Amino acid sequence: MRGKQSKVQDQIPPEKRPRRKRHLLLRIDSWIDSTIWNAGFRAAEIWEDTTIFFRRFRVRGWKRGVFEIAGEAATLGTAGSVVLLALALPAFEETKDDWRNRGDYAVTFLDRYGNTIGHRGIIHEDAVPIDELPDHLIKAVLATEDRRFFEHFGIDFFGLARAMTENAKAGGVVQGGSTLTQQLAKNLFLTNERSIERKIKEAYLAVWLEANLSKKEILRLYLDRAYMGGGTFGAAAAAQFYFGKSITDVDLAESAMLAGLFKAPAKYAPHVNLPAARARANEVLSNLVQGGMMTEGQVIAARRNPATVIDRAQVEAPDFFLDWAFDEVQRIAKLRGVPEHSLIVRTTIDMGLQKAAEESVETSLREYGEGYHVKQGALVLVESGGAVRAMVGGRDYGESQFNRATRALRQPGSSFKVYTYSVAMEKGFTPESTTIDAPITWRGWSPQNYARKYAGKITLMSALARSINTVPVRLARDELGTEPIAAMAKAMGVETPIRTDKTMPLGTSEVTVLDQATAYAVFPAGGLQSRRHGIAQMIGYDGRIVYDFGRDEAPPERVLSEQAMSSMNRILVTIPVSGTARKAALDNGIVTGGKTGTTQAYRDAWFIGFTGNYTCAVWFGNDDYTSTNEMTGGSLPAMTFKRLMDYAHQGIELKPIPGIENPLPGKPPEGEAVAAKKTEDGSESGLPPLVRPRSLSSDSTRLLRAISNQFKDAAPLPDPQKVAAIEQAPDVSIRKASRP
């Protein structure tokens, strides 16, 4: 048959014969089809064989339910572990540093006048090994804080279940589920911020500590690093402070009182509330009995004879400031290679201003906190030149050591707009430049003004004074861009990274209170860097000055041109007069500039203001980010600012705000009383004025400073030994030649 076909094909002319290429393509197509079909057929066979194989393991009845639940649990557990690990990875970054020696400094802090205000770090020569501590102290701590300390691996699920049960019975939080190791992880690496993310990090770090440290080391670190009230850290320092004795000499009653401080040091500090401290110590003694560590007969003497503390006045240390200053000391020492770890540090804090700042925040929260539904506040006061004179990081350091002035990241709202306008002034705009206040859309986002109204054609001065939202967005979209705005904020002193998304001009990128105080201090500094600092000098115990801010730091650089600085100050000084911060206007006509800020849903309220002498940033809000009762930056923050700044400007020489007309007030008639300021509703302000104790007049201060400068510039006195040797010289000519 094939021979006949070949003969027929030979008779066909060559031009009409099919091409061999066509045959090749047909063969390729046939091979692909057959291969795919065979692969599919083979896969089906494999699947059928696999199915038949696994049918042998098929479970029916009640067993199937168990296996289904186990399978789902394994799936969800795996997914959950991946999520938890992803959340914990940032926490493990903390362990890369030399965390063991993070507190390996012993620092005595002085205020700006040289008075001792507190200590931080571990006092090496006073450290007591764990084996030398009294047995009843260890038992008291473990019975109260973590009875299963030597049995768990960092997380105590049995203790957590017990705490949840007790809390459910009591209808509130009466027991904590955190282990001693978890508390140490929080003290070493984390903050007191209440969030799920922090608890996850805390759990992972607790397991990490258990894997890297012995139980004895964990217990020692816990006893050395915990805050014990009265500005003391560690059980050894607390024993010396409260009882005037070494930690090795405390008796059972004193040990019970010390163990009771870990829960709430401010509430149970015996020098503040001795009855509460003794009641808490009695609970610790009961814990010893309930935990089986002691019998009732062993603790009865301590119940009948409770501990007595040293009679001393309540010590009010600026703990939030000291925590920040301690971090600054370690940063500077590491940066400059300072070998000494035992230091005396002169800080910039003014305890008079610090006390007034604390009182201003606390008074505002007591009088208006419930009405505004706000529980926390923070404040930073910076003097011209960059010295931090006061810092309030929260309402109660004993309750929470989380510093809301330096570590809390909150949206600044409209107070962020100054950076946008500063860039605009650098680009050639002026306060009188006009723009349009009208609806705007940028990449699908349409911001609105606070009152949902639009003014049409408007000057930049009026737009910032009235805190209009559409104008900075329009400037960023059409003229400036977001990158230059972020760069301006960084140049002015904002250290927190700034996001550059479209909503950034309205203050959606988080900053700290310290950031805002630093940046706004550029305006009264004439456009130069504010050079914010809290450390003036670091001195070794041998008397050698290892660091001096004025000597070792570079001079300030210009970040705003004189034209831009003048334009911004001209705008900002109108806001306390006719803008959104009228409650911030100071008495005696002292010229003030500043800007309010209120975030979405009233979660944060800000006022950052300045005079020629001081810059002050004030924030109020809630730790859990719940909304306040329509509190704006022009209300409580502005009132708190005024209360503190009126006090701060008593009896001092006023400095002008540069770049504006009439920067200083006219001198009021002698003896004229200042009337109480009226609020917007016509009632007098409920905040009584603070009176600053006056020690020296401004003229006396200037005279003393001039004398001090003359002493500094004077020639050094001759060496007494050399003078004596010359006077005893036998040659009269030598004595005459050596005399001036």
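Starting from 1, each residue takes its place in the sequence as its number. Fair warning: this is a prediction, and the values are worked out from it, not measured in the lab.
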Can you check whether Tyr614 and His649 have ring centres sitting under 6.0 Å from each other?
yes
Minimal non-hydrogen separation, Thr599 against Pro412, with atom names
CG2-C, 4.2 Å
Gln354 side, atom CD; Leu644 side, atom CG - distance, nearest 0.5 Å:
9.5 Å
Using side-chain heavy atoms (C-beta onward) and a distance below 4.5 Å, is Val418 in contact with Met568?
yes
Using every non-hydrogen atom in the two residues, find where Ile485 and Ala476 come nearest and quote the distance to one decimal.
CD1-CB, 3.9 Å
Measuring from Trp442:CH2 to Asp478:CG, what's the distance to the nearest 0.5 Å?
8.5 Å
Can you list everything that forms a ring pair (Phe, Tyr, Trp, His ring centres under 6.0 Å) with Tyr421? Sequence neighbours excluded, please.
none
Please tell me if the side chains of Pro439 and Thr470 come closer than 4.5 Å, counting only heavy atoms from C-beta onward.
no
Which of parallel (below 30°), tilted (30 to 60°) and perpendicular (above 60°) describes Phe641 and Phe607?
perpendicular
So how far is it from Met351 CE to Asn115 CG, rounded to the nearest 0.5 Å?
9.5 Å
Would you check if Asn403 and Phe321 make a side-chain contact, meaning some heavy-atom pair closer than 4.5 Å?
no
Kindly indicate, with the supporting measurements, whether the criterion salt bridge (Lys or Arg N to Asp or Glu O under 4.0 Å) is fulfilled by Arg466 and Asp437.
CA-CA 11 Å; Arg466 294 166 57 182; Asp437 173 27; 5.6 Å; no
For the backbone of His373 and the side chain of Asn622, can you confirm whether one donor and one acceptor N or O come within less than 3.5 Å of each other?
yes
Donor-acceptor check, side chain of Thr496 to backbone of Val511, threshold 3.5 angstrom: yes or no?
no
Between the side chain of Asn449 and the main-chain N/O of Arg452, is any donor-acceptor distance below 3.5 Å?
no
Under a 3.5 Å distance rule, please check whether Thr628 uses its side chain to pair with a backbone N or O of Tyr602 as donor and acceptor.
yes
So, for Asn629 and Gly371, which heavy atoms are closest and what is the spacing to 0.1 Å?
ND2-O, 2.9 Å
State whether the side chain of Ser530 and the backbone N or O of Thr518 hold a donor-acceptor pair below 3.5 Å, judged by distance alone.
yes
Non-neighbouring partners of Asp323 that pass salt bridge (charged side-chain N to carboxylate O under 4.0 Å, His left out), sequence neighbours left out
Arg120
Under a 3.5 Å threshold, yes or no: a donor from one side chain and an acceptor from the other, between Lys417 and Thr420?
no
After noting the C-alpha distance and the side-chain angles of Ser561 and Glu426, does the key distance pass the side chain to side chain donor-acceptor pair (under 3.5 Å) rule?
CA-CA 7 Å; Ser561 66; Glu426 289 287 358; 3.2 Å; yes
Heavy-atom pair of closest approach, residues Gly659 and Ser566:
O-OG, 2.7 Å
Looking at Ile590, is its backbone amide N or carbonyl O close enough to the side chain of Asn588 to form a donor-acceptor pair, meaning the two atoms are under 3.5 Å apart?
no
Do Thr640 and Ser364 pair up side chain to side chain, a donor and an acceptor below 3.5 Å, judged on atom types alone?
yes
For the atom pair CE (Met461) and CG (Leu572), what is the distance rounded to the nearest 0.5 Å?
9.5 Å
If you count every heavy atom of other residues, nucleotides or ligands that lies below 6.0 Å from Glu562 atom CD, does the total exceed 12?
no
Would you say that more than 12 heavy atoms from the other residues, nucleotides or ligands in this model lie under 6.0 Å from the CZ of Arg551, or not?
yes
Between Ser635 (side chain only) and Thr632 (backbone N and O only), is there a donor and an acceptor less than 3.5 Å apart?
yes
Side chain to side chain donor-acceptor pair (under 3.5 Å) contacts in which one or both residues fall within residues 374-393, not counting sequence neighbours
Glu383-Arg389
Is any side-chain heavy atom of Thr348 closer than 4.5 Å to one of Arg112?
no
Please check if the number of heavy atoms outside Glu370 that lie under 6.0 Å from its CD is greater than 12.
no
Main-chain N/O of Leu586 paired with Asp646 side-chain donor or acceptor, under 3.5 Å:
no
Working to the nearest 0.5 angstrom, can you tell me the gap between Leu464 CG and Ile571 CD1?
5.5 Å
Hey, are Arg582 and Ser578 close enough side-chain-wise for a donor-acceptor pair under 3.5 Å?
no
Set of salt bridge (charged side-chain N to carboxylate O under 4.0 Å, His left out) partners for Asp548, sequence neighbours left out
none
Can you label the angle between the Tyr520 ring and the Phe523 ring as parallel, tilted or perpendicular, going by 30° and 60°?
perpendicular
Check: Tyr397 main-chain N/O paired with Gln401 side-chain donor or acceptor under 3.5 Å
yes
pair Val107-Met538: side-chain heavy atoms closer than 4.5 Å
no
Sidechain-backbone polar pair: Ser433 side chain, Thr430 backbone, donor-acceptor under 3.5 Å:
yes
Can you check salt bridge (Lys or Arg N to Asp or Glu O under 4.0 Å) on Glu359 and Lys355, steps first, answer last?
CA-CA 6 Å; Glu359 184 177 340; Lys355 186 175 181 180; over 6 Å; no
Among all residues two or more places apart in sequence or in another chain, which pass the ring pair (Phe, Tyr, Trp, His ring centres under 6.0 Å) test with Phe620?
none
Side-chain heavy atoms of Thr406 within contact of Met391, under 4.5 Å
yes
Is Arg410 close enough and on-axis enough to Tyr625, meaning under 6.0 Å and within 45°, for cation-pi?
yes
By side chain to side chain contact (heavy atoms under 4.5 Å, CB included), Ile660 pairs with (sequence neighbours left out) Asn569, Arg570, Val573, Val591, Ile657, Pro663
I'd like to know if the side chain of Lys595 pairs up with that of Ser467 as donor and acceptor (distance under 3.5 Å, no hydrogens or angles considered).
yes
One should read off an interatomic distance between Gln411 CD and Arg603 CZ, to the nearest 0.5 angstrom, of 8.0 Å
For residues Val345 and Ile535, determine if any side-chain heavy atom of one lies less than 4.5 Å from a side-chain heavy atom of the other.
yes
Say whether Ser446 and Thr441, considering side chains only, have a donor N or O and an acceptor N or O under 3.5 Å apart.
yes
Side-chain contact, heavy-atom cut-off 4.5 Å: Arg643 with Thr363?
yes
Kindly give the heavy-atom pair with the smallest separation between Leu381 and Met645, and that separation in Å.
CD1-SD, 3.8 Å
Testing the basics here: between Tyr419 and Gln516, what is the closest heavy-atom pair and its distance to 0.1 Å?
OH-OE1, 2.6 Å
Go through it in stages, so that I can follow the logic: the residues are Arg499 and Glu510, the test is salt bridge (Lys or Arg N to Asp or Glu O under 4.0 Å), and I'd like the CA-CA distance, side-chain angles, deciding distance and then a yes or no.
CA-CA 9 Å; Arg499 298 193 304 271; Glu510 295 86 355; 2.8 Å; yes
Steps toward salt bridge (Lys or Arg N to Asp or Glu O under 4.0 Å) verdict (Lys427, Glu479)
CA-CA 9 Å; Lys427 295 288 186 180; Glu479 304 288 345; over 6 Å; no
My understanding is that only one of Arg532, Arg531, Arg336 makes a salt bridge (charged side-chain N to carboxylate O under 4.0 Å, His left out) with Glu553; could you say which?
Arg336
